[in-house]
*Asks:* 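Mind looking over this structure? Questions follow.
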Amino acid sequence: MEGLNGPQREAVAHVDGPLLVLAGPGSGKTRVITRRVAYLVRAVGIAPWQVLAITFTNKAAGEMRDRVAELLSAGQAKSVLICTFHSLGVRLLRQYGSVLGLKQGFSIYDSSDQQRAMKQALAELEISTKHFPPDRVLGTISQAKNELVDVEAFATGAGDFYSKSVAKLYRRYQEILTRAGALDFDDLLLKSVELIRHPQTAEAIKQRFAYVLIDEYQDTNRAQFILAHGLAAGQGNICATGDPDQSIYRWRGADIRNILQFQDHYPLAKVVRLEENYRSTKKILAVADVLIQNNTQRKPKRLFTENEAGEPVEVVLCADEKQEAKVVTEQLSAWRTQAGLTYGDMAVFYRVNSLSRVMEDSLRTAGIPYQIARGTAFYDRKEIKDALAYLRAVANPADSINLARIINTPARGISDTTLKGLQLAALTGRRSLYDLMQRLGDVPGLNARAAAAVGKFAQQLESWRQLLGGLATEEVRLREFVEKVLKESGLEDFYRQDKTDQDQERLLNLGELISAVQQFEQEQLPELAEEAAGNAGADAARGLEWKLQRYLEQVSLVSDVDAVDPGLGSVTLMTLHAAKGLEFAGVAIIGLEEGLLPHSQSNQSPAEIEEERRLCFVGITRARRLLTLTHTRYRTIFGQTQPTIPSRFLRELPEENLKEVDRSEEHGWEAGGFANSTFTYGGKKDSQGQGQSAPRKSKGEYEVGTLVRHPMFGLGRVTSVSASGGNTRVQVHFNSGSTKNLILEFAKLEKVSL
DNA sequence: CCACATTTAATTTTT
DNA sequence: TTAAATGTGG
């Protein structure tokens with residue numbers, strides 16, 4: 001209880017029955033959770049393994065684990081389960097999944113795997129991807145899954161053409177995943193809920209935890225809600241903490257009603273409010289508070305702090321994103337030299353990832369160390385994905401979607417046509433690709449050369465599998481196995497031919513992957529093995545296969561922020577979404593412009609604007625001492641330079657706490673010179689006479705009806721001319737009968753004069 | 001069958 | 001601007 005204020009103590013000392021902690025930013029929420037865990041174990045005498053704490057990211061889980069470890073003995077701390085919803089799902093499914101017909105080595109699909117599966121579903125059902133873009137269909141399905149709407153329920157509720165088509169796709173998609181022994185992210189939750197409702201497993205799961213704590217409760221979706229309440233159903237000791245003003249994942253199915261209606265679910269729930277902020281200066285907090293009061297759909301709440309008033313929040317107007325990056329870079333450097341902050345204690349936030357590039361360039365030139373919170377970036381690289389696909393192919397041969405990815409990477413003489421043939425045979429025979437490859441006699445119309453290539457690869461796969469399930473597996477290191485697969489697959493040699501720098505880098509990345517495997521094996525596997533030994537089913541294989549499965553699971557669940565290491569002493573760059581739950585002494589938020597924040601994709605409804613405002617609120621409240629907000633006059637997005645409108649949120653901030661600076665006119669960034677060169681290109685502004693600049697003229701030469709010649713397509717006639725991102729796009733109907741869209745500046749088009 | 005060249009499309013946020 | 005899809009020549 002040491003060092004806690006009244007409401008915090010109240011929350012910590014609450015033992016039995018539901019508890020809701022409404023915690024404003026910086027109010028010591030994490031502290032309350034960790035202390036409460038310690039209190040339950042040490043003061044009340046609850047067995048540590050009966051306590052479950054659920055966080056939003058693995059990183060948050062790790063931090064909480066560290067903090068709990070400071071309050072308990074090492075043995076006790078280890079026994080408390082602290083993880084994310086998704087990793088909890090994996091644990092439950094690993095242990096009980098067999099009742100749902102799930103195998104041990106199930107694959108976890110990321111969005112690109114999902115995309116492949118969906119494309120296959122579309123192809124099999126002969127539905128056009130034009131009308132049904134895979135992303136969009138997957139989005140609809142994801143939404144359904146988050147609301148626990150399964151295939152049957154979705155089909156029943158489908159009325160219009162779109163829904164009916166999606167229903168078909170949903171069914172086929174799920175069949176493909178099931179056949180592949182795969183689950184997507186949403187399935188991890190959905191299937192966990194199935195377990196909690198399954199007669200064979202419900203009791204065991206409900207009795208397993210006596211105390212359940214859920215952090216960031218405002219961002220839970222329906223599936224997570226049911227899961228959380230199911231887990232706590234045994235003894236009814238559920239504790240939810242969160243802040244409705246920080247709900248920023250509505251688009252991911254988060255239902256803010258979960259927190260707003262907690263008391264309706266549990267009329268006897270104790271409610272504790274934490275409103276004193278220990279993080280930010282008075283001015284920063286005031287800015288955040290005034291901003292968020294513009295939201296109408298919220299419960300009123302007053303934030304206050306005893307901290308010093310601090311510096312005003314700087315709002316800087318820049319000419320364009322390059323200057324913006326420069327201004328922020330100088331600011332960070334000044335914070336270090338003048339305010340005594342370290343780079344590790346500073347961050348730059350932005351609404352969309354694409355804004356990071358200019359910022360990176362600027363920091364790199366200035367020699368300021370930085371890290372980007374994109375934990376997935378490493379695993380997003382082609383070579384890493386390929387490498388992991390090989391490992392997954394060995395761990396789960398039934399996963400045909402995965403196998404198709406690497407069957408001819410690197411090239412080994414298996415063409416698209418051959419693959420299509422195999423897939424068709426697999427579909428009609430209801431067998432996996434792997435299965436089929438082991439018995440090629442069943443595939444019709446396969447030429448000898450292709451058959452030989454496939455056969456060879458099948459043999460290769462089988463040999464790895466033998467190794468995995470072999471007898472002496474206890475002795476084989478995971479690292480050695482991965483090295484072997486990378487060598488024998490030819491992946492390493494493929495990049496070793498080092499034709500380009502890129503190939504060189506890819507080779508290095510493969511090396512890095514091997515180090516990562518080794519690190520996992522040394523640091524995390526022993527703990528997992530220890531834990532597994534304690535569980536029932538200790539006789540389960542602890543061999544190579546088991547190790548590989550654990551590794552692949554871990555890799556699937558890494559999140560963007562997980563990679564952030566504050567000890568590195570570098571500035572952190574991340575999206576506003578990723579910033580949730582973190583804090584820094586100095587924060588810069590860039591791109592406060594209409595269309596960016598609030599984002600143009602979400603200005604349809606007031607509810608969406610309010611979510612964007614909460615996002616802005618989250619960003620502001622991450623700052624402890626210094627905060628800078630920037631916006632620009634012109635911004636180039638996707639090659640198109642456009643004038644911007646300052647974010648409406650800027651206008652909502654209290655002027656008395658701001659210091660507004662206009663640096664857009666500084667030498668080298670004058671709007672005049674700027675507009676003359678790049679800007680008129682876009683053709684948006686024509687205050688400069690009739691805009692008769694050079695590109696316009698070249699555009700003028702080509703009009704509808706102009707006769708042209710193309711080196712490839714021959715003679716043709718222009719059918720339309722339009723501006724496109726600073727370039728001119730022409731549509732030409734060629735005499736050959738084809739119509740092509742060409743960019744005038746790039747296409748080798750010449751005018752034919754009569 | 002494969003490597004390379006050309007063309008086209010796409011940019012919200014993520015476990 | 002870049003990654004992915006498509007087309008082309010060896």
Side-chain angles (χ1 to χ4, degrees), chain A residues 54-61 83-90 108-112 114-115 119 129-130 133 135 139 142 145-146 183-189 216 219-221 223-224 248-254 349-355 357-358 373-376 380-382 408-419 447 449-450 453 494 497 499 556-562 574-580 591 595-603 608 611-612 614-615 618-619 636-640 710-713 724-727 729 738 740-743 746-748:
Chain A
I54 300 173
T55 59
F56 203 68
T57 63
N58 291 305
K59 183 182 152 67
C83 61
T84 65
F85 269 111
H86 289 85
S87 46
L88 177 73
V90 171
I108 300 171
Y109 275 10
D110 68 10
S111 54
S112 72
Q114 285 182 283
Q115 201 122 14
K119 278 181 187 162
T129 51
K130 289 266 185 292
D135 306 341
S142 173
K145 286 185 176 180
N146 284 330
L183 300 178
D184 63 24
F185 278 121
D186 302 318
D187 285 336
L188 294 179
L189 303 177
E216 307 287 7
D219 278 323
T220 50
N221 60 35
Q224 291 167 329
I248 55 176
Y249 283 95
R250 206 177 81 115
W251 51 273
R252 210 170 82 184
F349 303 149
Y350 33 79
R351 177 63 232 266
V352 293
N353 280 305
S354 61
L355 293 189
R357 179 166 297 149
V358 187
R374 286 200 93 181
T376 51
D380 270 345
R381 296 191 177 135
K382 186 183 175 299
N408 198 36
T409 308
R412 53 171 66 87
I414 304 171
S415 72
D416 276 355
T417 323
T418 308
L419 177 59
N447 71 46
R449 198 156 61 140
F494 180 74
Q497 294 165 357
K499 285 156 284 188
S556 302
L557 296 175
V558 294
S559 73
D560 282 1
V561 276
D562 291 346
M574 59 169 73
T575 63
L576 284 163
H577 281 91
K580 191 169 77 161
L596 226 39
L597 186 66
H599 196 271
S600 54
Q601 295 287 306
S602 51
N603 63 1
E608 283 173 307
E611 174 140 327
E612 296 285 310
R614 291 195 291 269
L615 199 49
V618 167
T636 307
I637 294 175
F638 188 30
Q640 194 157 208
H710 188 274
M712 203 76 76
F713 309 124
S724 151
N727 293 318
R729 191 177 285 268
S738 62
K740 302 281 174 193
N741 279 307
L742 305 166
I743 304 267
F746 300 131
K748 298 181 190 82

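Every chain is numbered from 1 and lettered A, B, ... according to where its sequence line falls, protein lines coming before strand lines. All figures in this text were calculated on a predicted structure; none of them were measured in a lab.
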*Asks:* So does A/I414 get a backbone contact from the side chain of A/N408, meaning a donor-acceptor N/O pair under 3.5 Å?
*Replies:* yes
*Asks:* Without decimals, in angstroms, what is the distance between A/H577 NE2 and B/dT14 P?
*Replies:* 7 Å
*Asks:* Can you tell me if the side-chain N/O atoms of A/T418 get under 4.0 Å from OP1 or OP2 in B/dC1?
*Replies:* yes
*Asks:* Base, sugar-phosphate or nothing for A/R412? Non-hydrogen atoms, less than 4.0 Å.
*Replies:* sugar-phosphate
*Asks:* Please determine if a side-chain N or O atom of A/N353 lies less than 4.0 Å away from the OP1 or OP2 oxygen of B/dT12.
*Replies:* no
*Asks:* For the base of B/dT12 and the side-chain ring of A/H599, does the geometry meet a stacking cutoff of under 5.5 Å between centres and under 30° between planes?
*Replies:* yes
*Asks:* What contact category does A/F85 fall into here, base, sugar-phosphate, or nothing, at under 4.0 angstrom with non-hydrogen atoms?
*Replies:* nothing
*Asks:* Can you tell me the distance, in whole Å, between the CD atom of A/Q115 and the P atom of C/dA3?
*Replies:* 16 Å
*Asks:* Expressed as a whole number of angstroms, how long is the span from A/L88:CG to B/dT15:C1'?
*Replies:* 13 Å
*Asks:* Take atom OH of A/Y249 and atom P of B/dT12, then tell me their distance rounded to the nearest Å.
*Replies:* 16 Å
*Asks:* With the side chain counted from C-beta on, respond yes when A/T575 and A/R351 share a heavy-atom pair under 4.5 Å apart, and no when they do not.
*Replies:* no
*Asks:* Identify the nucleotide, in any strand shown, that forms a Watson-Crick or G-U wobble pair with B/dT12, with both distances under 3.5 Å; if there is none, say none.
*Replies:* none
*Asks:* Just to confirm, is there a sub-4.0 Å distance from OP1 or OP2 of B/dT14 to any side-chain nitrogen or oxygen of A/T575?
*Replies:* yes
*Asks:* Output the rounded distance in Å from CD (A/Q224) to P (B/dT15).
*Replies:* 12 Å
*Asks:* Of the candidate nucleotides B/dA3, B/dC1, B/dT13, which contains the atom at the shortest distance from the side chain of A/V352?
*Replies:* B/dT13
*Asks:* Distance check needed: B/dT14 P versus A/R250 CZ, whole Å only.
*Replies:* 17 Å
*Asks:* Are A/F85 and A/F185 near enough that their ring centres are under 6.0 Å apart?
*Replies:* no
*Asks:* At under 4.0 Å between heavy atoms, what does A/N408 touch on the DNA or RNA strands: base, sugar-phosphate, or nothing?
*Replies:* sugar-phosphate
*Asks:* Under 4.0 Å between a side-chain N/O of A/K580 and OP1 or OP2 of B/dT15, yes or no?
*Replies:* no
*Asks:* Which sits closer to the 5' end of DNA chain B, A/D135 or A/F185, going by the nucleotide each is nearest to?
*Replies:* A/D135
*Asks:* How far, in whole Å, is B/dT13 from C/dA4 if one measures between their P atoms?
*Replies:* 15 Å
*Asks:* Please find out if less than 6.0 Å separates the ring center of A/W251 from that of A/H599.
*Replies:* no
*Asks:* Just how far, in rounded Å, is P of B/dT14 from CG of A/D187?
*Replies:* 21 Å
*Asks:* Calculate the interatomic distance between A/K59 atom NZ and B/dT14 atom C1'; express it in whole Å.
*Replies:* 16 Å
*Asks:* Check A/D219 with A/K580, please: is the shortest side-chain N to carboxylate O separation under 4.0 Å?
*Replies:* yes
